Amino acid sequence: MSLASFIQSATLESLEKLYGVRFTEKDFQVSMTKPEFKGDYSIVFFPLLKALHKKPEDLGNELGQKILELNPGTFFSFNVIKGFLNLEFSDGILNEFLHTKYNNRQYGFSDPKGETVMIEYSSPNTNKPLHLGHLRNIFIGWSMSKILKANGYDIVKTCIVNDRGIHICKSMIAWKLYAEGATPDSTGTKGDHFVGDYYVKFNEVYQQQMQELMAGGMDKKTAEREAPVMKEAQDLLLKWESGDKEVRALWAEMNGWVYKGFDTTYNRIGVGFDKVYYESNTYLLGKKYVQQGLDNGVLFKKEDGSVWIDLTNEQLDEKLLLRSDGTSVYMTQDIGLAAEKFQEYPLKKSIYVIGDEQIYHMKVLKAICRRMNFPFADEIYHLSYGMVELTTGKMKSREGTVVDADDLIDDMIKTSAEQTAALGKVEGSTDEELSKLYEILGLGATKFYLLRVDPKRKMVFDPKDSIDFHGFTGPFVQYTYARIKSILRKANVSVEEFNYDISSETLLPLEKQLILQLETFESAVSESGSEMNPSIIANFVYGTAKQFNSFYTEHSVIQAENQAKKNLRLALSIMTANTLCSGLKLLGIQVPERM
RNA sequence: GGCCCCGUAGCUCAGUGGAUAGAGCAACAGCCUUCUAAGCUGUGGGUCGAGCGUUCGAAUCGCUCCGGGGUCACCA
């Protein structure tokens, strides 16, 4: 139990003993005491005054005395200011916390609950490489999978690959027309970029043809439809759907190139999936549910044969589920896949990491599932994240302002190499060690930068900011870890073998603050899980690193005043290192032993 | 137009019912014969978009307005 919740229940118990009234945790708040006041945690008891007809000083003092009396040895003192009861923990209880947790690598993590959660993230189209926006999606998804695992859930990481449709047909036709048989291998190009280049080529040709048609007097709408290259792409799509062997072969080959490219990127950034769904396998799954919905009257057919659901009475609109020609739309597929997931796995919850532009879509999906009486309807959770914008505005593929994922990672690794070299602290390392280090730092910086903001909010990507390794950044936290490891090496202490005998040393303020900070890891883990928000962990590890650095500057570990102090500080250092490592791991970030 | 999200220091973000609103970056001033200065300490910087309301107490809750964004396809 965390210190905060310990105080919660101690307060409830004391109030009941004192006044015979049962309150709930919502009737008062427990928070960390502001630095300008004496104390560690504060009980805000304003709300209780009215119910108990007490003056603040009286209630505060009575409550404080009762809490101390019922929990001997736990608290050192208390004081009352207005409606705040400030409690100070005894050094003994904090020391005991340190003693039991300092070398527990599982600290902060829950035992398995035996419940499974699926989390879908990334879900790219196969016609172009991954970009900065995908990276935010991917890092949030990966991090949440780790955080939920730390909260005791079994995780199925998944991805729906949008491998069919007009977008890939556009790349295909451009390749057929202009590639002259070129392949990623023959040109030495990464597969996803290779296919993406033909998508760009398609759009160039398409634009040009439209201009020509419009110059000939055609209106824009018709020109969009009539441009030869677009008609050829449409033709490929029809052929694909009818199972044309040649088209299917080319489609499979080009997608294969893309997958190889994606895998390279996924491997490099250290993410993966347990189950990959392909749209080409799942896009027909929804149709049977549409028939079911028609049969039981949830859906209705219009005169032209199209199928709809009416959601106007829940502040949504009418939504099309089947075109008049009987083909399915996006939503139809999503219904099918949603059901498929729950059939394939015993899911407690099904999470979708998708941009906030699809909030409406996901709301409609849930509403439809509810109408169709799917038992899982309420277990669908849309973890929506805000778009990543540039300092110059939005990323627009048409204007060529999209930040490519591979390029970005290359830049970040290069930057970390330059910065490391400039500091000259890792001389004597092998080339292999160095390139590993640069990767850890470059990826750490990128991941931290994208995860430190609440997912729900849109964010600005400032290249200048993102390569700053000072302050609220991944490398800052990694640096703190590396320094601790350096201390431990110098002290000749092995983390596994160090044995901390609990001491009765008085804790100095900076030692105490660090313990109190470390103690909040557990609640950071559970909060980031229930809020679906990795930035809580990012803030925690940053705060912890900062707290350690303050301590480190002021007090020497190796040159401590006496052996007991030294042992205490070694234990504190080990626990900080472990906790930073655990926390960063939840963000998908590795730690370097030196930097 | 309907629905939804956002507006906090020059910039990027925390804080979502409690004490004098916090960090990082940028600016300025200090600290390396002492465990890694990718660090630490300090200074300046705010009508929390505006107004009204609820409350003992509002950046936080409600209403109105202003500004920015998303979405509402027989597109994917």
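Naming convention: chains lettered A, B, ... in sequence-line order (proteins, then strands); numbering from 1 in each chain. Keep in mind that what you see is a predicted model, and the values were worked out from it rather than measured.
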For [X], answer base if it contacts any base atom (sugar-phosphate contacts may also be present), sugar-phosphate if it contacts only those atoms, and nothing otherwise; contact means non-hydrogen atoms under 4.0 Å.
X	result
A/Ser42	base
A/Leu441	base
A/Asp334	nothing
A/Tyr330	base
A/Asp325	nothing
A/Arg164	sugar-phosphate
A/Ala482	base

Taking the inter-plane angle between the rings of [X] and [Y] on a 0 to 90° scale, is it parallel (under 30°), tilted (30 to 60°) or perpendicular (over 60°)?
X	Y	answer
A/Phe498	A/Tyr500	parallel
A/His134	A/His131	tilted
A/Phe472	A/Tyr542	tilted

Show your reasoning for whether salt bridge (Lys or Arg N to Asp or Glu O under 4.0 Å) applies to A/Asp310 and A/Lys319.
CA-CA 7 Å; A/Asp310 183 3; A/Lys319 180 75 195 174; over 6 Å; no
State which of [options] makes the closest approach to the side chain of [X].
X	options	answer
A/Lys546	B/rG24, B/rC25, B/rA19	B/rG24
A/Tyr542	B/rA23, B/rC25, B/rA19	B/rA23
A/Tyr479	B/rC72, B/rC25, B/rA37	B/rA37
A/Ile166	B/rA76, B/rG70, B/rC25	B/rA76
A/Arg483	B/rG39, B/rC35, B/rA76	B/rG39
A/Ile487	B/rC25, B/rA76, B/rC35	B/rC35
A/Tyr552	B/rC40, B/rA19, B/rC35	B/rC35
A/Lys34	B/rA21, B/rG39, B/rC35	B/rA21

Does [N] have OP1 or OP2 sitting under 4.0 Å from an N or O in the side chain of [X]?
X	N	value
A/Ser550	B/rU41	yes
A/Ser486	B/rU36	yes
A/His470	B/rG39	yes

Do the ring centers of A/Phe551 and A/Phe548 come within less than 6.0 Å of each other?
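Yes, the ring of A/Phe551 comes within the 6.0 Å limit of the ring of A/Phe548, centre to centre.
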For [N], give the paired nucleotide (Watson-Crick: N1-N3 plus N6-O4 or O6-N4; G-U: N1-O2 and O6-N3; both under 3.5 Å), or none.
N	result
B/rC28	B/rG42
B/rG51	B/rC63
B/rG22	B/rC13
B/rC3	B/rG70

Do A/Glu357 and A/Lys458 meet the salt-bridge criterion of a basic N to acidic O distance under 4.0 Å?
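The answer is no: the pair does not qualify as a salt bridge.
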Roughly how far apart, to the nearest Å, are [N] and [M] at atom [atom1]?
N	M	atom1	answer
B/rG17	B/rU36	P	43 Å
B/rU54	B/rA59	P	16 Å
B/rA14	B/rG51	P	25 Å
B/rG44	B/rA23	P	12 Å
B/rA58	B/rC3	C1'	27 Å
B/rA73	B/rU12	C1'	36 Å
B/rG62	B/rU43	P	37 Å
B/rC6	B/rU16	C1'	14 Å

Can you check nucleotides 3-12 of chain B for protein contacts, nitrogen or oxygen pairs under 3.5 Å, and list what you find?
residue	atom	partner	partner atom	Å
B/rG7	OP1	A/Arg457	NH1	3.3
B/rG7	OP1	A/Arg457	NH2	3.4

Can you check whether A/Phe37 stacks with the B/rA19 base, using ring centres under 5.5 Å and planes within 30°?
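Given the distance and angle limits, yes, they stack.
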State the NZ-CD distance between A/Lys54 and A/Glu57, to the nearest 0.5 angstrom.
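It comes to 11.5 Å.
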With ring-ring contact (aromatic ring centres under 6.0 Å, His included) as the test, would you mind laying out the steps for A/Tyr449 and A/Phe461 before giving the verdict?
CA-CA 9 Å; A/Tyr449 187 85; A/Phe461 181 87; 5.3 Å; yes
Would you mind telling me which of A/Tyr41, A/Phe46, A/Phe45 makes a ring pair (Phe, Tyr, Trp, His ring centres under 6.0 Å) with A/Phe84?
A/Phe46
Could you check A/Lys490 against A/Lys302 and say which one's nearest nucleotide on RNA chain B is further toward the 5' end?
A/Lys490
RNA chain B: A/Lys394 or A/Phe472, which has the more 5' nearest nucleotide?
A/Phe472
List in chain and number order the residues that pass side chain to side chain contact (heavy atoms under 4.5 Å, CB included) with A/Asn79, two or more places apart in sequence or in another chain; answer none if no residue qualifies.
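Side chain to side chain contact (heavy atoms under 4.5 Å, CB included) list for A/Asn79, sorted by chain: A/Lys38, A/Ile81, A/Asn86.
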Chi class for B/rC5: syn within 90° of 0, otherwise anti
anti
Residue of the set A/Arg569, A/Gln563, A/Lys565 for which side-chain hydrogen bond (donor to acceptor under 3.5 Å, both in side chains) holds with A/Asn567
A/Gln563
So which of A/Asp192, A/Asn255, A/Asp163 actually passes side-chain hydrogen bond (donor to acceptor under 3.5 Å, both in side chains) with A/Thr126?
A/Asn255
Quick test: give all pairs of protein nitrogen or oxygen and nucleotides 55-60 of chain B nitrogen or oxygen below 3.5 Å, distance rounded to 0.1 Å.
residue	atom	partner	partner atom	Å
B/rC56	OP1	A/Lys50	NZ	3.0

